[in-house]
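Notes for the one structure printed next.
Lettering follows sequence order; numbering is per chain, from 1.
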2 protein chains.
Amino acid sequence: MTEPRWLSESEQEVWRAYQTATKLVGESLDRQLQRDSGMPTTYYEILVALSEATGRELRMSELAEFTKSSRSRLSHAIARLEENGWVTRRSCPTDKRGAFASLTEDGMGVVRAAAPGHVNEVRTVLFDGLSTDQVKQLGEISAAIVAQASKGCPSDPCDE
Amino acid sequence: MTEPRWLSESEQEVWRAYQTATKLVGESLDRQLQRDSGMPTTYYEILVALSEATGRELRMSELAEFTKSSRSRLSHAIARLEENGWVTRRSCPTDKRGAFASLTEDGMGVVRAAAPGHVNEVRTVLFDGLSTDQVKQLGEISAAIVAQASKGCPSDPCDE
DNA sequence: GCACTGAGGTTGAGAGCTCAACAACAGGTA
DNA sequence: TACCTGTTGTTGAGCTCTCAACCTCAGTGC
């Protein structure tokens with residue numbers, strides 16, 4: 001790292017386009033979910049993860065891994081979702097340090113109500129603008145980035 | 001919107017990979033900049049935009065457009081950067097509503113000091129994991145997403 | 001049993017973002 | 001001049017995120 005490996009002209013263009021695109025997509029989704037369902041994207045992702053888990057509950061650490069969230073963020077989020085009555089906490093019987101988060105009926109209802117609008121927004125801002133080939137490429141590129149990122153910190157991309 | 005246009009199995013995979021990848025990239029960069037330069041990515045982008053402008057200053061509205069930021073966010077950010085002595089505000093002589101933000105010498109120094117580490121991180125988390133073809137594809141895909149997003153709200157992707 | 005190290009979670013403070021409300025001014029029309 | 005509408009930018013409140021400190025407990029070695 002003695003000499004900075006600057007970006008070429010074309011790499012800079014790609015980088016800036018990438019930044020703009022991801023920012024637009026992220027903010028569109030955030031606005032849509034906040035407007036229609038009164039919650040940020042991160043909370044929605046938590047609820048979805050729980051809704052797909054067997055028994056609709058997960059250990060906090062697993063939930064953090066699924067949602068690529070830090071333990072701290074998740075803890076704050078679950079506290080907030082619990083206030084709303086969408087999630088409850090349960091301590092783990094076999095490991096007294098541990099805790100489960102589980103989705104309530106109300107929470108499941110919120111997910112079901114939010115899903116159509118959310119999916120529609122995803123289509124509108126992302127898929128509708130891309131060709132079939134580009135969608136495939138985007139999948140491969142994303143996977144490559146994830147793989148690359150995982151090399152940096154083996155088996156633990158999060159926290160401290 | 002009478003019937004939700006659900007995502008296919010493969011689209012879901014792409015969508016999840018995309019979310020994970022963009023989250024990892026964004027958080028890596030945020031952590032790196034915060035750790036090494038004591039500021040979030042959004043602030044760095046503001047300073048870079050100013051550093052590249054003629055006279056190293058821009059109208060607030062132009063700066064908001066360049067950085068894809070809301071007026072509100074920008075206003076808060078500039079206030080913070082002004083406290084640090086990296087930016088100064090100047091009112092516009094021809095339009096009394098308007099304001100210019102301009103980069104100070106200190107601010108320019110901060111950008112110069114931050115750039116190498118930032119660029120290196122961009123390479124590490126993004127470009128190093130992709131083939132030459134994939135970089136090209138990512139550029140095209142990003143441009144397509146930006147174009148698609150601009151269709152939604154012609155010539156103004158921000159605020160209110 | 002006792003100490004030590006690490007893992008699982010929580011907490012509080014500080015910081016940035018969003019949203020809505022607002023103030024000040026520009027440009028046009030009557 | 002007076003009014004009306006749209007633009008530019010700021011502000012404050014509420015919310016989420018990050019970071020570091022902390023607590024509790026599990027597993028290991030002695």
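At the heavy-atom level, A:Arg89 lies under 4.0 Å from the strands shown only through sugar-phosphate atoms. At the heavy-atom level, A:Asp30 lies nowhere under 4.0 Å from the strands shown.
B:Arg59 places its CZ atom 10 Å from the P atom of D:dT10, with the value rounded to the nearest Å. Nucleotide D:dT11 holds its P atom 12 Å from the CD atom of B:Glu83, rounded to whole Å. Between A:Met39 atom CE and C:dT18 atom P the separation is 18 Å, expressed in whole Å. When rounded to the nearest whole Å, the span between CG of B:Leu58 and C1' of D:dG9 equals 15 Å. Rounded to whole angstrom, the span from the CG atom of A:Leu29 across to the C1' atom of C:dT18 amounts to 16 Å. Computed from coordinates, the B:Leu74 CG to D:dT8 C1' distance equals 12 Å when rounded to whole Å. B:Glu65 has its CD atom 16 Å from the C1' atom of D:dG9, to the nearest Å. The separation between B:Arg80 atom CZ and D:dT11 atom C1' is 17 Å, rounded to whole Å.
Distances from the side chain of A:Ser70 to the nucleotides D:dT18, C:dG16, D:dG9 place D:dT18 closest. Here the side chain of B:Glu27 is nearest to one of C:dT18, D:dT18, C:dC25, namely D:dT18. Taking every side-chain heavy atom of B:Pro40 into account, C:dG16 is the closest of C:dT18, D:dC17, C:dG16. Candidate nucleotides C:dC19, D:dT18, C:dA26 were compared by shortest atom distance to the side chain of B:Asp95, and C:dA26 ranks first.
Between B:Gln34 and A:Tyr43, the residue anchored closer to the 5' end of DNA chain D is A:Tyr43, taking for each the nucleotide with the nearest heavy atom. Nearest-nucleotide mapping onto DNA chain C: of A:Glu62 and B:Ala77, the residue sitting toward the 5' end is A:Glu62. Residue B:Ala99 is the one, among A:Arg73 and B:Ala99, whose nearest nucleotide of DNA chain D lies closer to the 5' end (criterion: closest heavy atom).
Under the side chain to side chain donor-acceptor pair (under 3.5 Å) criterion, B:Thr104 pairs with no residue at all, not counting sequence neighbours. Residues satisfying the side-chain contact (heavy atoms from CB on, under 4.5 Å) test with B:Arg80, not counting sequence neighbours, are B:Tyr43, B:Glu83, B:Asn84. Considering only residues two or more places apart in sequence or on other chains, B:Asp36 meets the side-chain contact (heavy atoms from CB on, under 4.5 Å) condition with B:Gln32. When the ring-ring contact (aromatic ring centres under 6.0 Å, His included) test is applied to A:Tyr18, the partners found at least two apart in sequence or on another chain are A:Trp15. Looking at residues two or more places apart in sequence or on another chain, you find no side chain to side chain donor-acceptor pair (under 3.5 Å) involving B:Ser61. Taking B:Glu121 as the reference, nothing meets the salt bridge (Lys or Arg N to Asp or Glu O under 4.0 Å) condition, with sequence neighbours excluded. A search for ring-ring contact (aromatic ring centres under 6.0 Å, His included) contacts involving B:Tyr44 returns B:His118, not counting sequence neighbours. Scanning for side chain to side chain donor-acceptor pair (under 3.5 Å) contacts around B:Glu52 gives A:Arg16, with sequence neighbours left out. Residues satisfying the ring-ring contact (aromatic ring centres under 6.0 Å, His included) test with B:Phe100, not counting sequence neighbours, are none.
Distance CD/B:Glu57 to OG1/B:Thr88: 8.0 Å, rounded to 0.5 Å.
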Extract from the structure each pairing of a protein N or O with an N or O of nucleotides 1-4 of chain C at less than 3.5 Å, listing the distance.
none

Below 3.5 Å between N/O atoms, which protein atoms pair up with nucleotides 2-7 of chain D? Just atom names and distances, please.
unit_1: D:dG6; atom_1: N2; unit_2: B:Arg97; atom_2: NH1; d: 3.2
unit_1: D:dT7; atom_1: O2; unit_2: B:Arg97; atom_2: NH1; d: 2.7

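Counting all heavy atoms, side chain and backbone alike, A:Ala49 lies closest to A:Leu63 at CB-CD1, 3.7 Å. In terms of heavy atoms, B:Ile141 sits closest to A:Leu138 at CD1-N, 3.9 Å.
In the helix from C:dG1-D:dC30 to C:dA30-D:dT1, the terminal helix axes, each the rotation mapping four pairs' C1' atoms onto the next four within five end pairs, subtend 0°, rounded to 10°.
For the pair A:Ser72 and C:dG9, the criterion of a side-chain N or O lying under 4.0 Å from OP1 or OP2 is not met.
Checked by distance alone, A:Ser75 brings no side-chain donor or acceptor within 3.5 Å of a matching partner on the base of C:dT11. Judged by distance alone with a 3.5 Å cut-off, a donor-acceptor contact links the side chain of A:His76 to the base of C:dG12.
Between A:Glu140 and A:Lys136 there is a salt bridge, with a side-chain nitrogen of the basic residue lying less than 4.0 Å from a carboxylate oxygen of the acidic one.
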